[in-house]
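Numbering of ligands and ligand atoms starts at 1, following listing order.
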Amino acid sequence: MSAAAAVQIAPQVAKRVLTPYWSNGVQKLKMAPTPPPKPAHGLTPPALDDDIHKLRCIAQLRSKDKAIEKYIYLTQLKDADHNMFYKLCLENMAEITPLIYTPTVGDACIQFSHNYRRPEGLFISLKDKGRIGQVLRNWPRQDEARIAVVTDGSRILGLGDLGVNGMPISIGKLSLYVAGAGIRPSSTVPICLDLGTDNKKFLEDPLYLGLRQPRVPMEIMTEFMEEFMVEMSRVFPKLLIQFEDFSTDKAFAYLDAFRERYPVFNDDIQGTGAVVLSGFLNAAKLSSAASGRPLSDHRILFLGAGSAGVGVATQLMSFFRLQGMSEQEARERIYLVDSQGLVYDNRGPMAEHKKLFSRKDYSGPPMKDLVQIIETVQPTALLGLSTIKSAFNQPVIETMSALNPRPIIFPLSNPVRLSECEFDEAIQWSGGRVIFASGSPFPEQDYNGKRLYPGQGNNMYVFPGLGLGAILSRASSVTDSMVEAASLGLANSLNDEERALDMVYPRIERIREISSDIALSVIRAAQKAGVDRHNDLRSMNDVALVDFIKSRMWNP
Ligand SMILES: NC(=O)C1=CN([C@@H]2O[C@H](COP(=O)(O)OP(=O)(O)OC[C@H]3O[C@@H](n4cnc5c(N)ncnc54)[C@H](O)[C@@H]3O)[C@@H](O)[C@H]2O)C=CC1
Ligand SMILES: CC(=O)C(=O)O
Ligand SMILES: [Mg+2]
């Protein structure tokens with residue numbers, strides 16, 4: 001924020017919007033997302049040098065024992081010197097991503113109200129209904145805004161309803177937009193909506209920074225969301241919106257309600273669908289090479305039928321359809337299991353989002369035991385989006401391994417402590433044959449003298465490139481074809497070395513290169529769908545377009 005912009009904000013307004021309500025004067029107002037200019041000569045030590053300072057910063061980071069302390073250090077570094085923060089991110093992606101994103105961001109959310117130090121992002125609460133536009137106009141960099149990550153805190157990772165403590169998830173995702181796709185930091189807008197919380201512990205916590213009331217009914221939230229989206233499009237006409245970590249009912253409802261009207265996508269449904277399809281395609285190649293089974297013969301079993309599980313199932317189904325299967329054939333490849341067991345028609349009433357994949361070919365008693373379900377379904381792939389730690393136990397993995405020479409097992413729940421299994425367990429119980437990807441990172445393992453690499457099946461591989469492509473093409477909406485293009489762009493981005501190591505996702509260190517490939521595919525898909533508004537890009541060939549994409553990436 002420029003100094004001029006800072007003085008235009010009446011202090012009492014800035015305080016209301018840019019600090020959570022509960023800070024109530026306890027907190028001194030200080031807004032500084034843009035770093036101050038370089039201090040004049042004499043105001044820094046004589047031997048301060050950027051390259052050496054980088055070593056000093058990484059040493060300070062590594063000197064902290066706890067991940068949450070490292071998170072706090074990095075947050076302060078981002079405030080004080082965002083160039084240095086992003087330099088460290090880009091040069092140490094594998095080390096820093098787990099600190100600014102899952103798993104550590106989960107703890108940062110839980111502790112947000114306790115660790116809060118200074119304003120970052122926009123907080124919009126139920127109390128702002130009727131004047132949301134006025135609140136949005138308090139954002140200091142309106143003209144520059146290109147991407148907002150918006151959460152209502154109702155389902156943060158697998159941690160449940162965290163209310164206004166969900167803000168760090170919007171901040172963390174946007175840091176990955178900057179690091180991973182070169183989105184300019186000043187064009188990112190983290191937003192947390194406060195519609196109350198049903199988290200009893202937070203409601204009783206005197207330090208909790210959100211409204212002290214239960215979540216409002218869906219009808220009231222929908223009126224709020226309508227006003228919010230209209231005002232967002234007025235105040236930020238060039239903005240792409242990513243909905244993040246809304247509870248499943250809201251995630252589907254608001255994606256459906258707004259996706260035709262505004263450039264918006266839901267990361268948990270669509271981003272996760274895209275990233276898991278991509279990893280599944282690479283895993284299926286490895287698995288099919290061992291079993292001789294064609295892609296059309298794979299059967300995928302999901303543990304978890306929420307926004308993420310059904311989002312992935314939908315993406316897989318649409319891919320199978322592109323391969324020439326009928327809708328029914330494609331649907332029949334997929335089996336959902338939720339907290340009540342296998343999802344099938346005769347089980348009784350069920351939520352709308354599960355109906356498409358509800359089985360019609362089973363009508364016996366409820367089937368709850370995962371081993372029994374695996375023996376009945378005989379899946380080639382087992383995907384976990386259930387938030388149930390250790391659900392993929394030894395009998396489950398042994399049963400998958402008895403059925404498949406190379407079982408595909410993806411425990412995708414976040415953060416790491418909710419993962420359905422760990423990498424070393426999956427290796428031991430499958431005799432080293434597992435093809436593995438998880439939502440949060442696990443370390444590489446050695447088994448029988450061979451190094452094995454876990455994939456990270458996390459939407460962080462997709463949303464930066466998808467967002468970059470949508471922003472550069474000025475897409476008026478985010479179509480299914482753009483999401484699919486992002487997924488296939490990622491699947492094709494493995495290089496020879498990664499393929500030789502049986503990896504299903506590329507190394508995270510290559511994220512910039514991957515994001516530019518994904519952005520190219522997304523822009524082409526937007527053009528094909530006719531939703532692009534930057535028509536000059538149409539006449540560029542792919543080489544010129546990739547050069548253009550790279551030239552638009554911000555570098556620290
Ligand atoms: N790897 C990635 O990129 C992503 C991972 N996720 C993770 O996926 C998880 C689920 O997210 P959502 O679908 O939005 O949540 P959700 O709460 O809507 O879905 C959870 C599902 O698991 C089922 N479930 C709960 N207990 C179960 C049990 N004992 N046995 C079988 N099923 C059970 C529920 O019935 C529900 O269908 C979260 O941990 C989230 O962090 C979400 C998005 C992206
Ligand atoms: C990765 C992600 O978006 C989630 O766990 O919700
Ligand atoms: Mg999410």
Side-chain angles (χ1 to χ4, degrees), residues 97-98 101-103 105-106 109 149-162 166 168-170 172-173 176 242-253 255 265-280 301-315 335-343 347 350-351 353-354 357-358 366-371 373 382-393 396 410-420 437-442 454-464 487 490 505:
T97 307
Y101 186 52
T102 185
V105 75
C109 286
V149 174
V150 179
T151 187
D152 73 337
S154 53
R155 189 286 277 150
I156 296 295
L157 306 174
L159 302 168
D161 181 352
L162 300 189
I169 205 77
S170 296
K173 294 261 176 188
L176 292 185
Q242 170 170 327
F243 285 154
E244 190 66 48
D245 288 5
F246 283 69
S247 60
T248 288
D249 49 344
K250 294 171 190 129
F252 282 108
L255 177 63
F265 72 99
N266 181 295
D267 185 37
D268 299 292
I269 299 172
Q270 296 166 289
T272 315
V275 87
V276 179
L277 169 61
S278 163
F280 170 76
L301 178 63
F302 287 81
L303 187 75
S307 64
V310 172
V312 176
T314 307
Q315 196 67 54
Y335 296 76
L336 299 184
V337 175
D338 64 10
S339 54
Q340 296 170 57
L342 183 72
V343 175
R347 197 179 79 173
M350 71 181 71
H353 66 270
K354 298 178 193 173
F357 298 102
S358 170
M367 208 191 294
K368 281 194 156 186
D369 179 59
L370 189 52
V371 170
I373 297 171
L382 176 62
L383 310 188
L385 291 146
S386 66
T387 74
I388 305 299
K389 179 185 164 49
S390 303
F392 298 169
N393 55 23
V396 165
F410 285 6
L412 297 163
S413 289
N414 295 316
V416 78
R417 66 173 178 273
L418 298 182
S419 186
E420 285 82 1
S438 54
S440 298
F442 282 104
Q456 193 176 352
N458 191 297
N459 47 36
M460 70 174 182
Y461 270 108
V462 159
F463 64 75
S487 176
L490 175 62
Y505 291 103

Distance under 4.0 Å to a non-hydrogen atom of Ser386: what atoms of ligand 1 satisfy this? 22 (O), 24 (N), 25 (C)
Below 4.0 Å from ligand 2: does a non-hydrogen atom of Asn458 turn up there or not? yes
Identity and distance of the protein heavy atom lying nearest atom 5 (C) of ligand 1: Leu412 O, 3.2 Å
Using distance alone, with no hydrogens and no angle criterion, decide if Asn414 and Ser440 have a side-chain donor and acceptor under 3.5 Å apart. yes
Could you check if a side-chain atom of Lys389 sits within less than 4.5 angstrom of a side-chain atom of Ser419, using non-hydrogen atoms only? no
Can you name the nearest heavy-atom pair linking Asp249 to Ser247, along with the distance? OD1-OG, 2.9 Å
Taking 4.0 angstrom as the limit and counting only heavy atoms of Gly304, give me the atoms of ligand 1 inside it, by number and element. 21 (C), 22 (O), 23 (C), 37 (O)
Is the backbone of Ala251 close enough, under 3.5 Å, to the side chain of Ser307 for a donor and an acceptor to pair up by distance? no
Counting heavy atoms only, which of Leu157, Thr102, Asn266, Thr272 comes nearest to atom 41 (O) of ligand 1? Leu157
Atom 19 (O) of ligand 1 sits nearest the protein heavy atom Gly306 CA, 3.5 Å
Could you check atom 15 (O) of ligand 1 against the protein and tell me its nearest heavy-atom contact, residue, atom and distance included? Arg155 NE, 3.8 Å
Please indicate whether any nitrogen or oxygen in Asn414 is less than 3.5 Å from any nitrogen or oxygen in ligand 1. yes
Within ligand 2, which atoms have a heavy atom of Lys173 less than 4.0 Å away? 1 (C), 2 (C), 3 (O)
Please report whether ligand 1 has a polar contact with Asp268, defined as an N or O pair separated by less than 3.5 Å (distance criterion only). no
Classify the contact between Asp245 and ligand 2 as side chain, backbone, both or neither, using a heavy-atom distance cut-off of under 4.0 Å. side chain
Starting from atom 3 (O) of ligand 1, find the nearest protein heavy-atom neighbour and note its residue, name and distance. Asn459 N, 3.0 Å
Lys173 bridged to Asp267 by N-O distance under 4.0 Å: yes
Sidechain-backbone polar pair: Arg155 side chain, Leu157 backbone, donor-acceptor under 3.5 Å: yes
So does Ala274 get a backbone contact from the side chain of Ser487, meaning a donor-acceptor N/O pair under 3.5 Å? yes
Are the side chain of Arg347 and the backbone N or O of Gly341 linked by a donor-acceptor pair below 3.5 Å? yes
What is the nearest protein non-hydrogen atom to atom 31 (C) of ligand 1, stated with its residue, atom name and distance? Asp338 O, 3.2 Å
Checking one value in my table: which N/O/S atom of Glu244 lies closest to the Mg ion (ligand 3)? OE2
Minimum-distance N/O/S atom that Asp268 presents toward the Mg ion (ligand 3): OD1
Could any protein non-hydrogen atom be found less than 4.0 Å from atom 17 (O) of ligand 1? no
I'd like the atom name of the N/O/S atom in Asp245 lying closest to the Mg ion (ligand 3). OD1
Under 3.5 Å: donor-acceptor pair, side chain of Thr314, backbone of Val310: yes
Under a 4.0 angstrom heavy-atom cut-off, which atoms of ligand 1 come close to Gly439? 1 (N)
Heavy atom under 4.0 Å from ligand 2: found in Ile156's side chain, backbone, both, or neither? neither
Identify the protein heavy atom lying closest to atom 8 (O) of ligand 1, giving its residue, its atom name and the separation to 0.1 Å. Leu385 CD2, 3.5 Å
Can you tell me which residue and heavy atom of the protein come closest to atom 34 (C) of ligand 1, and the distance to 0.1 Å? Ser339 N, 4.1 Å
Just distances here: any N/O of Ala305 and N/O of ligand 1 closer than 3.5 Å? yes
Presence of N, O or S from Asp267 under 2.8 Å of the Mg ion (ligand 3): no
Nearest heavy-atom pair of Lys354 and Leu336: which atoms, and what distance? O-CD1, 4.3 Å
Does ligand 2 have an atom under 4.0 Å from some heavy atom of Glu244? yes
What part of Leu303, side chain, backbone, both or neither, has a heavy atom within less than 4.0 angstrom of ligand 1? side chain
Taking only heavy atoms of Ser413, which atoms of ligand 1 are found under 4.0 Å from at least one of them? 7 (C), 9 (C), 39 (O)
Looking only at side chains, do Glu420 and Ser413 share a donor and an acceptor under 3.5 Å apart? yes
The atoms of ligand 1 lying under 4.0 Å from a heavy atom of Thr248, numbered in the order shown, are 14 (O), 16 (P), 18 (O)
If you have a sec, work out which protein heavy atom is nearest atom 14 (O) of ligand 1 and how many Å separate them, to one decimal? Ser307 OG, 2.6 Å
Short list, please: which atoms of ligand 1 are under 4.0 Å from a heavy atom of Gly158? 38 (C), 39 (O), 41 (O)
Please check: side-chain N/O of Tyr505 versus main-chain N/O of Tyr461, any donor-acceptor pairing under 3.5 Å? no
Purely on distance, is any nitrogen or oxygen of Gly457 under 3.5 Å from one on ligand 1? yes
Shortest non-hydrogen contact from Val149 toward Ser170: O-OG, 3.2 Å
Below 6.0 angstrom between ring centroids: does that apply to Phe243 and Phe265? no
Look up atom OH in Tyr335 and atom CG in Leu301, then write down how far apart they are to the nearest 0.5 Å. 9.0 Å
Between Thr151, Leu162, Val150, Asn266, which is the residue that forms a side-chain contact (heavy atoms from CB on, under 4.5 Å) with Asp245? Thr151
N/O separation below 3.5 Å, Ile388 to ligand 1: no
Has ligand 1 got any nitrogen or oxygen that is less than 3.5 angstrom from a nitrogen or oxygen of Thr387? no
Give me the atom names and distance for the closest heavy-atom approach of Pro441 to Gln456. CD-NE2, 3.5 Å
Hey, which atoms in ligand 2 end up nearer than 4.0 Å to a heavy atom of Asp268? 2 (C), 3 (O), 4 (C), 6 (O)
If we only count N/O pairs under 3.5 Å, is Val275 in contact with ligand 1? no
Give the residue, atom name and distance (to 0.1 Å) of the protein heavy atom nearest atom 5 (O) of ligand 2. Asn414 ND2, 2.8 Å
Sidechain-backbone polar pair: Asp338 side chain, Ala305 backbone, donor-acceptor under 3.5 Å: no
So, Asn459 versus Thr272: side-chain donor-acceptor pair below 3.5 Å or not? yes
Does any N/O atom on Tyr101 come nearer than 3.5 Å to any N/O atom on ligand 2? no
I need the minimum non-hydrogen distance between Leu303 and Ala391, along with the two atoms involved. CD2-CB, 3.5 Å
